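Data first, discussion second: the structure below is written as structure tokens.
Start at 1 and go down the list; that is how both ligands and their atoms are numbered. Everything quoted here is computed from the prediction, not taken from an experiment.
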Amino acid sequence: MDSTYDGIILGAGHNGLILQAYLGKAGLKVLALERKSVAGGGLSTLEDPRHPGFLHNTHAFFQRAITAMPWYTDLDLARHGADYIEPELNVALLTSDGRALEWWTDIARTIASFREFSLRDADTLRRWHDEFVPIVRDILAWESRSPPLPPDERQKLLERSAAGRRLLAVSALSPLEFVQQEFEHPTIQAGLLFFNGLREVDLRVRGFGHHIAALLASPAKAQMSRGGTAALARALEASVRASSGEIRLLTEPKRIMVERGRAIGVETGAGEVIRARHFVASSLNPHQTFLDLLDPILVSRELRGHVERFEYNLLAPLFALNLNLREPPIYTANGERPELARAFMVIMGLDHVDQFHDIIRHHEAGTIPPTVMWGACPTLFDPSQAPPGRHTAFMWEKLPHRLFGDPANWDDTRDAHGREMLTLWQRHAPNLADGVIDTFTRSPLDTERSLPNMREGDLLVGAFSHGQIGYHRPFPGAGTYRTHLPGLYLCGSSSHPGGNITGLPGYNAAQVILADLGITADWIPPPIAARLAAL
Ligand SMILES: Cc1cc2nc3c(=O)[nH]c(=O)nc-3n(C[C@H](O)[C@H](O)[C@H](O)COP(=O)(O)OP(=O)(O)OC[C@H]3O[C@@H](n4cnc5c(N)ncnc54)[C@H](O)[C@@H]3O)c2cc1C
């Protein structure tokens, strides 16, 4: 059976679904093809098959500022069932000597916590926070929500305003240089670089010096989805269905069909031909889109070279230890600091900035560094994720994909490494010695098996180094969401502004596709160039 749609989207992760919902709102009939039995990609919540009622978020959990995203409102996701919690004690770094560095949703309380480590650093935090609030609000937030400008044009526009010049000057540093230049206490330096690493920015790369200041100034803190991360996927699906969108599960594309130089549809693995009147948009990675799905004759040597040189993050792959618990972890540090009983993200094993150099060395060598881990007890804030009175908790650690030179080594190493993480966890939370009902682990190899677009276990689907940012993500000059073939677009995390649950690659791709179809919509923001020119 052959069928025709206005457009076809490859992959029904959150970026694909957001694009689909916006195009559906514009009156287009759009189909998404998804290889798994459930849509959502990284928005995944699984029930433990051995222990019914215990829910685990096997990919994304900490979601930054979801409720402040434009698509959250535009697509009416609260009405479609999404609901977010933003715990006040957003992050706590527990040091080995029993202290805690705390990040609160209220900046004054974060400054007070910094003050316990260094008076000077507390003042520095306030200064950077105040200076960067307008830069985040007026420049960086809008840039992430718009197709990127060519770097020369961006630079010229930014040079016209004081805020723009300040941003350019700070960006010239690397995150490591910024932190070492501005802050003095090694634990504070380590904590700041940890956040930088959570967004997968390479701390050594110049051009990202503004990144930590922007994180400090952003009003957007970590949130979690009530009912589990997958609840956002269900809300997005409902929004897609409300505009007559269709999602076909357990369906993989075999090839993108091209006629007279234009993408005109997809042939599925089962041999079905599905035609697209206007576009095919891929949320998959560049290897899948250009090398696996296009006839090689349509891929120039130059483009093939770009794809083959596209770099995935060395430091992004995560190892996860998941627990079913009789009671939540009770940290020894809670005695002195009762507020820690309601800490959201908890970091352990990190005391000093120098540990990052060691972690990088281990990733390059494919070996396991001393554990630095972070995680949460979701059921402290949302009891619906476990049976009554019970809890779930998890810890993540950045570990190399090619363990000892080969990712296959993970299958034999996984459980032993999980036990090592649990030992460290018990050192900080002794009640875990008796409180654990069951555990399971997931390795970077499991990530790639579950979501093959996360090649090499890279959950951001492409490094932010190697020039792969903005207008040059995924390739030099290719950050426009358009490809070399008319009718073929990119809409996933390998496009600006990159991975994590931001939905912005999908949001920006929707702007571009609608513009190419000559369709206007009231949600589309004014062009970024005009906004920067008006600063
Ligand atoms: C362990 C882990 C923890 C994470 N934690 C966080 C976190 O706390 N916060 C955060 O913001 N982000 C987190 N992330 C990252 C986040 O999940 C991703 O960056 C995000 O999901 C990318 O969104 P996407 O829509 O671009 O791609 P995806 O969510 O990966 O969606 C792509 C979709 O395409 C499908 N697909 C792949 N190949 C094919 C094919 N050949 N044919 C058809 N369909 C295909 C996939 O099944 C998937 O549904 C985490 C990821 C992992 C793995």
Side-chain angles (χ1 to χ4, degrees), residues 8-20 31-44 56-66 69 198-200 220 222-225 229-230 232-233 236-237 247-256 266 268-269 281-285 287-289 291-293 312-313 316-322 344-345 374-376 378 394-399 401 441-462 490-507 509:
I8 301 169
I9 296 172
L10 308 182
H14 81 299
N15 280 309
L17 293 172
I18 286 168
L19 171 65
Q20 188 179 13
L31 171 72
L33 301 182
E34 167 57 47
R35 69 181 278 278
K36 296 187 83 164
S37 59
V38 62
L43 299 175
S44 149
H56 292 276
N57 301 290
T58 47
H59 296 124
F61 174 72
F62 302 105
Q63 298 167 61
R64 215 171 139 84
I66 294 297
M69 291 294 172
L198 277 190
R199 309 309 284 184
E200 313 306 339
Q223 301 179 323
M224 64 176 273
S225 167
T229 301
L232 178 60
L236 283 166
E237 278 183 287
I247 301 167
R248 199 153 332 152
L249 302 172
L250 296 170
T251 307
E252 277 198 48
K254 186 163 84 189
R255 69 184 177 105
I256 297 169
V266 170
T268 68
S282 172
S283 74
L284 311 183
N285 69 38
H287 285 84
Q288 293 172 301
T289 306
L291 303 189
D292 298 348
L293 295 176
Y312 294 87
N313 275 291
L318 287 189
F319 183 97
L321 169 65
N322 302 277
F344 184 35
M345 181 193 294
W374 73 103
F394 68 91
M395 279 289 149
W396 287 336
E397 182 179 359
K398 280 177 183 280
L399 289 177
H401 174 256
T441 54
R442 286 175 66 97
S443 74
L445 177 60
D446 295 324
T447 295
E448 191 181 39
R449 283 175 177 146
S450 159
L451 294 169
N453 48 311
M454 295 187 184
R455 199 176 159 102
E456 299 174 23
D458 178 4
L459 49 96
L460 292 219
V461 202
L490 300 179
C491 64
S493 295
S494 49
S495 294
H496 170 79
N500 280 321
I501 306 301
T502 70
L504 297 175
Y507 176 79

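- Side-chain contact check for Arg64 versus Thr502: every heavy-atom pair is 4.5 Å or farther apart.
- For ligand 1, the atoms lying closer than 4.0 Å to a non-hydrogen atom of Leu318 are 1 (C), 2 (C), 3 (C).
- Here Asn15 has heavy atoms under 4.0 Å from ligand 1 in both its backbone and its side chain.
- Proximity of Thr58 to ligand 1, defined as any heavy-atom pair under 4.0 Å, is confined to the backbone N, CA, C and O atoms.
- For ligand 1, the polar-atom distance check against Gly42 finds a nitrogen or oxygen pair separated by under 3.5 Å.
- Neither the backbone nor the side chain of Gln63 has a heavy atom within less than 4.0 Å of ligand 1.
- Proximity to Phe62 (heavy-atom distance under 4.0 Å) selects the following atoms of ligand 1: 7 (C), 8 (O), 9 (N), 10 (C), 11 (O).
- Using a 4.0 Å cut-off between heavy atoms, Ile501 contacts ligand 1 through both its backbone and its side chain.
- Interatomic distance, CG of Asn453 versus OG1 of Thr289, reported as 9.5 Å (0.5 Å rounding).
- Note: Leu490 CG to Leu19 CG = 11.0 Å, rounded to the nearest 0.5 Å.
- For ligand 1, none of its N or O atoms has an N or O atom of Ser450 under 3.5 Å away.
- Near Glu252, meaning under 4.0 Å from one of its heavy atoms, ligand 1 places the atoms 41 (N), 42 (N).
- Under the 4.0 angstrom criterion for non-hydrogen atoms, Ala320 is not in contact with ligand 1.
- To the nearest 0.5 Å, atom CG of residue Leu31 and atom CZ of residue Arg248 are 5.5 Å apart.
- At a 4.0 Å heavy-atom cut-off, ligand 1 touches Met454 through the side chain alone.
- Each of the following atoms of ligand 1 lies closer than 4.0 Å to a heavy atom of Ser493: 22 (C), 23 (O), 24 (P), 26 (O).
- Residue contact check for ligand 1: Leu451 places a non-hydrogen atom closer than 4.0 Å to it.
- Taking only nitrogen or oxygen atoms, main chain and side chain alike, Thr251 does not reach within less than 3.5 Å of ligand 1.
- Taking the side chain as every heavy atom from C-beta outward, Ile247 and Leu17 approach each other to under 4.5 Å.
- For Lys36, every heavy-atom contact with ligand 1 shorter than 4.0 Å involves the side chain, none the backbone.
- Residue-level proximity to ligand 1 for Thr447 is carried by the side chain, the only part with a heavy atom below 4.0 angstrom.
- The distance from ligand 1 to the heavy atoms of Gly41 drops below 4.0 Å at these ligand atoms: 29 (O), 31 (O), 48 (C), 49 (O).
- Note: Phe344 and Phe61 have tilted aromatic rings, judged against thresholds of 30 and 60 degrees for the angle between ring planes.
- Between Tyr312 and His287, the ring planes lie tilted relative to each other; the angle falls in the 30° to 60° range.
- Distances between N or O atoms of Trp396 and those of ligand 1 include no value under 3.5 Å.
- Within the 4.5 Å cutoff, the side chain of Pro452 has heavy atoms near those of the Gln288 side chain.
- Taken from OG1 in Thr58 to CG in Leu318, the straight-line distance is 11.5 Å, to the nearest 0.5 Å.
- Side-chain contact check for Thr251 and Thr268: no donor-acceptor pair (N or O, by modelled atom type) lies under 3.5 Å.
- Among the atoms of Phe61, some N or O lies under 3.5 angstrom from an N or O of ligand 1.
- Ligand-side atoms of ligand 1 in range of Gly499: 19 (O), range being under 4.0 angstrom from any heavy atom.
- Between the CD1 atom in Ile18 and the CG atom in Leu232 there is a gap of 7.0 Å [rounded to 0.5 Å].
- Distances from ligand 1 to the non-hydrogen atoms of Asn453 include at least one value under 4.0 Å.
- A heavy-atom distance below 4.5 Å is found between the side chains of Pro505 and Pro497.
- Ser37 places none of its side-chain heavy atoms less than 4.5 Å from the side chain of Leu249.
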